[in-house]
Amino acid sequence: MILNERLKDIEENLLELRDKISQAAVQSGRSENDVTLMAVTKTVESGYINHAISNGIDLIGENKVQEYLLKKPELSLENCKAHLIGHLQSNKVKKIVGEVDVIQSVDSVSLAAEIAKRSAEKGIVSKVLLEVNAGNEESKFGFDVSELEERVYEISEFKSVSVQGLMCVAPICDSESALRAVFSDMHRAYLDIRSKNINNVSMNILSMGMSGDYREAILEGSTLVRVGSAIFGARNYR
Ligand SMILES: *Cc1c(COP(=O)(O)O)cnc(C)c1O
């Protein structure tokens, strides 16, 4: 059931969020148009997602292949793109290739190889971001910054995959300066790779920042923030 009150909250949250994103963008020496707002829609019912879309959201992010494919027929995606942002298992690649505009969560060369294989079968080139384990946390997904460049060169060999940028989920940090250092390292890696002009690799998207840390991410150069709970409220995992 769709609650009117929650629809109102979504509208207000979006207004406030756009304002704050714009302020942070200006503070970082850019304009609001330089930062894309993605609405992260995991666990959110289609009615609320469509309401966000009718209030100007033109990019959504889903974590799970199955959940996204179930909701997709109910979503008003004529003027809205979708990215996969959650961990992707190899056996799900076949299902998702061609169904989203970008797969943001490529965290191994073998996953990139599988995406390339399935994309070639469908006659398409899949746009991807490489996920970086920004805080070097043991339990997290993503490439270590230290191996990133080497892996980018390996993945650039796959003709049916086009690397468009980097993505990270920041670790919990004790201080704002520690958090900003994580984002700043990401930005440096992004610019480093861009300066190499690697075939088949363009660095146009730096996807970092969520509800709790989008401001710091934008101040350090994020071009795409992935915001869920600050739009839709706390998630209800059933
Ligand atoms: C859930 C999720 C988000 C959004 O998280 P919020 O804190 O609700 O904004 C962003 N990125 C990824 C990869 C996620 O899984």
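When a ligand or atom number is given, it counts from 1 through the structure's own listing order.
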I'd like to check which ligand 1 atoms, numbered from 1 as shown, lie under 4.0 Å from a non-hydrogen atom of [X].
X: N63; result: 14 (C), 15 (O)
X: S211; result: 6 (P), 7 (O), 8 (O), 9 (O)
X: G228; result: 4 (C), 6 (P), 8 (O), 9 (O)
X: S229; result: 6 (P), 7 (O), 8 (O), 9 (O)

Tell me which protein heavy atom sits closest to atom 14 (C) of ligand 1, plus the residue, atom name and distance to 0.1 Å.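 Protein heavy atom with the smallest distance to atom 14 (C) of ligand 1: K42 NZ, 2.9 Å.
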Which protein non-hydrogen atom lies closest to atom 11 (N) of ligand 1, naming both residue and atom, and how far is it?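 Nearest neighbour among protein heavy atoms for atom 11 (N) of ligand 1, to 0.1 Å: R226 NE, 2.9 Å.
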Which option, V227, T43, I85, owns the non-hydrogen atom nearest atom 12 (C) of ligand 1?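 Heavy atom nearest to atom 12 (C) of ligand 1 belongs to I85.
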Considering M210, K64, E62, which one's heavy-atom position lies nearest to atom 5 (O) of ligand 1?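 Among M210, K64, E62, the closest heavy atom to atom 5 (O) of ligand 1 belongs to M210.
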Say whether, by atom type as modelled, one donor and one acceptor occur between the side chain of D19 and the main chain of L15 under 3.5 angstrom.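 Side chain of D19 to backbone of L15: no pair is present.
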Side-chain ion pair, [X] and [Y], N-O less than 4.0 Å:
X: E99; Y: K95; value: no
X: D185; Y: R188; value: yes
X: E176; Y: R215; value: yes
X: R180; Y: E216; value: no
X: K8; Y: E5; value: no
X: K71; Y: E74; value: no

Check whether any heavy atom of R235 sits under 4.0 Å from an atom of ligand 1.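 It does; at least one heavy atom falls under 4.0 Å.
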